[in-house]
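What follows is one structure encoded as structure tokens, with my remarks underneath.
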Amino acid sequence: MLDRRLIREEPEKVRQALEKRGYDFDLDALIELEARRRELLVAVENRRAEKNSISEQIAQTMREGGDAEPLRKRSSQIGVELQAHEQELEEVQSRFDQMMLDLPNIPLDEVPVGTSEEDNVVMYQVGELRQFDFTPRPHWEIGQDLGILDFEGATRMAGARFVTDVGAGATLERALFNFMLDTHTRKHGYTEVFPPFLGNKRSLYGTANLPKFEEDLFKTTDGYYLIPTAEVPLTNMHQDEILDGDDLPLYYTAYTACFRREAGAAGKETRGLIRVHQFHKVELMKFVKPGQGSDELEKLVKNAETIIQALELPYRRTHLCTGDMGFQPQQTFDLEAYFPAMDRWLELSSCSQYGDFQARRCNTRYRPAPGAKLEFVHTMNGSGLACGRTMAAILENYQQENGTVVIPEVLRPYMGGMAEILPPMP
RNA sequence: GGAGGGGUGGCCGAGCGGACGAAGGCGGCGGUCUUGAAAACCGCUGUGCCGUUAUGCGGCACCGGGGGUUCGAAUCCCUCCCCCUCCGCCA
């Protein structure tokens, strides 16, 4: 959510942001609602002031033993007028609030302007693409042949777009998130968190998954939502709190399952581990002071890159353009690994900063100095990394001609020393 | 799931229809004292919004959320949420 003041004082800034994003939004209607809201607010408050003053007079009259009846009548009359104004105010206010929730964040100046994925800027590429002397096979084939990915079983258990890791596959995924968590906690200074995988409505509003993206979420019959990312619980950890400025920045990391309906993604990348309803991810999240945003995001991206580098996967970093960026961020960097069988770069990590956009919704503030006014903290987060896709990248990049998969060296200690995944015994 | 007790400012805690934005304490800020510090003493110290426009003044709202009663609600009523204790169930 943006600051209301921006709507009133710098509407052009907001308008430019919407244009850069190619975002369809009736800003003029919002500006008008804001003006009307303030008009009504003044009317309501004036009548309330009058009423309060009469109530005080009644109290005094009664203390002195006088007749307060005429004053009571007068107060009731004002009450009737007041109610009419209040009703309209409530209506205008609620329409205004609704629109504010649908207004996206303002991209930073350095974000490349563009309309689609095509306009994202590749910043750099790390690692050599492996030269295959055979035709590389897609990860789902490799996984199924090795008996470590069971798509059919998952479909029977749950449905389409689910997967079950089996044997070395399950161990590999576990090895991945353990390696990631260990690295981020021990080397990068993050505090490990193991949060609920369900969130309430308020929390999903906090990260701005609601109200706009409800169709992407799974919801339980008693009103909980399955988290689409650990960003939701982590960002809401300090909801309604006033943080100590000396404690900032705060670094958190969490491993969670992530649940996404993927509504509207029908037909796209339906095969394999790339787009499933439940996947697993280690998330990095920071609460920082205003002004620390870009530097801290840069460090966060590097922390995520460390993992890909350690796994020796070829990857590149992209700067998302205004048109491809999500609703919430001011700026996003993606880390994409190369998938040789698909001959595509697919994101293993997406790292974004939000300014106070989410903190405003979560009401997470801090006091910059003793006696100073409270300010919203700034938030950011990124995957460090998505486990399923990372596993897929490993399968494709580390596959051997005979169908086995070599395990990246850093993961071997996490897999009881296993160096290669072999096919099941006939 | 059943029974009972609670949710008040940064924290603890009183108040249970009108002088209450809320006693008292802790913490924080400023000052006196001191070579300095501590102690002691004095003063100040919630948040958001609106108006006026300014190192200020005025108003409105907020005592878990929402609704109601009343001229007037932290205080009474309804409802929801959360926490604690006991019982039941349970990985």
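Reckoned from all heavy atoms, side chains included, excluding hydrogens, waters and symmetry mates.
- If you take atom P in B/A38 and the same atom in B/G28, they sit 11 Å apart, rounded to whole Å.
- Between A/Arg202 atom CZ and B/G65 atom P there is a gap of 12 Å when expressed in whole angstrom units.
- Whole-Å rounding puts the A/Arg72 CZ to B/U70 C1' distance at 9 Å.
- B/G56 and B/U52 make up a base pair, with Watson-Crick or G-U wobble contacts both under 3.5 Å.
- Protein atom CD1 of A/Ile78 is 13 Å distant from nucleotide atom C1' of B/G72, rounded to whole Å.
- As rounded to the nearest Å, B/C81 and B/G67 have C1' atoms that lie 14 Å from one another.
- Taking atom P on both B/C57 and B/A22, the two are 16 Å apart, rounded to the nearest angstrom.
- Screening A/Tyr251, A/Tyr252, A/Tyr255 against A/Tyr190 for a ring pair (Phe, Tyr, Trp, His ring centres under 6.0 Å) leaves a single residue, A/Tyr251.
- The partner of B/A74, taking Watson-Crick or G-U wobble pairs whose two distances both stay under 3.5 Å, does not exist in any strand shown.
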Under the side-chain hydrogen bond (donor to acceptor under 3.5 Å, both in side chains) criterion, do A/Asn209 and A/Tyr225 qualify, and how do the steps go? CA-CA 10 Å; A/Asn209 294 90; A/Tyr225 291 87; over 6 Å; no

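- Between B/C71 and A/Lys51, no contact under 4.0 Å exists linking OP1 or OP2 to a side-chain N or O.
- Shown here is A/Lys13, whose NZ atom has no more than 12 heavy atoms of other residues, nucleotides or ligands within 6.0 Å.
- Two residues, A/Ile54 and A/Glu90, neighbour RNA chain B, and the one matched to the more 5' nucleotide by heavy-atom proximity is A/Glu90.
- Under the Watson-Crick and G-U wobble criteria, each requiring two contacts below 3.5 Å, nucleotide B/C62 is paired to B/G46.
- Put simply, CG on A/Leu82 is 14 Å from P on B/C71, counting in whole angstrom units.
- Across the P atoms, B/C76 and B/U8 are found 16 Å apart, a figure rounded to whole Å.
- Of the possible donor and acceptor atoms, one in the side chain of A/Asn397 sits under 3.5 Å from a partner among the backbone N and O of A/Ala393.
- Between A/Tyr366 and A/Phe287, the ring centre distance reaches or exceeds 6.0 Å.
- The base-pairing partner of B/C41, taking Watson-Crick or G-U wobble contacts with both distances under 3.5 Å, is B/G31.
- Put simply, CE on A/Met62 is 12 Å from P on B/A19, counting in whole angstrom units.
- Rounded to an integer number of Å, the gap from CD of A/Glu86 to C1' of B/G67 is 13 Å.
- Position along RNA chain B of the nearest nucleotide to A/Ser76 versus A/Ile242 favours A/Ile242 as the more 5'-ward residue.
- Atom CZ of A/Arg74 is separated from atom P of B/G72 by 14 Å (rounded to the nearest Å).
- Within 6.0 Å of the CG atom in A/Asp24, the count of heavy atoms belonging to other residues, nucleotides or ligands does not exceed 12.
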Classify every nucleotide of nucleotides 44-63 of chain B by which part a protein heavy atom approaches to under 4.0 Å, writing B for the base, S for the sugar-phosphate alone and - for neither, in 5'-to-3' order. ---SSSSS-------BBS--

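- Comparing the C1' positions of B/A3 and B/G13 gives an interatomic distance of 28 Å, to the nearest angstrom.
- Of all nucleotides present, none satisfies the Watson-Crick or G-U wobble test against B/G17 with each distance under 3.5 Å.
- Using Watson-Crick or G-U wobble geometry with both donor-acceptor distances under 3.5 Å, B/C86 finds its partner in B/G2.
- Backbone-only engagement by A/Ser75 is indicated by non-hydrogen atom pairs under 4.0 Å involving sugar-phosphate atoms exclusively.
- Straight-line distance between the C1' atoms of B/G64 and B/G5: roughly 16 Å, to the nearest whole Å.
- Panel note: side chain A/Gln331, backbone A/Leu108; no donor-acceptor pair is recorded below 3.5 Å.
- Atom-to-atom, CG of A/Asp244 to C1' of B/C11 comes out at 13 Å; the value is rounded to the nearest Å.
- With a cut-off of 3.5 Å on both Watson-Crick or G-U wobble distances, the partner of B/A22 is given as none.
- To the nearest whole angstrom, the two P atoms, one in B/G10 and one in B/C49, are 15 Å apart.
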Please walk me through it: do A/Glu231 and A/Thr207 pass side-chain hydrogen bond (donor to acceptor under 3.5 Å, both in side chains)? CA-CA 8 Å; A/Glu231 169 188 347; A/Thr207 42; 5.2 Å; no

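- B/G21 and B/G9 have their C1' atoms separated by 9 Å, with the value rounded to a whole Å.
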Mind listing the side-chain donor-acceptor pairs of residues 80-87 of chain A below 3.5 Å, one per line with the distance, residues two or more places apart or on another chain?
| unit_1 | atom_1 | unit_2 | atom_2 | d |
| --- | --- | --- | --- | --- |
| A/Glu81 | OE1 | A/Arg47 | NE | 2.9 |
| A/Glu81 | OE1 | A/Arg47 | NH2 | 3.4 |
| A/His85 | ND1 | A/Glu81 | O | 3.2 |
| A/Glu86 | OE2 | A/Arg48 | NE | 3.3 |
| A/Glu86 | OE2 | A/Arg48 | NH2 | 3.0 |

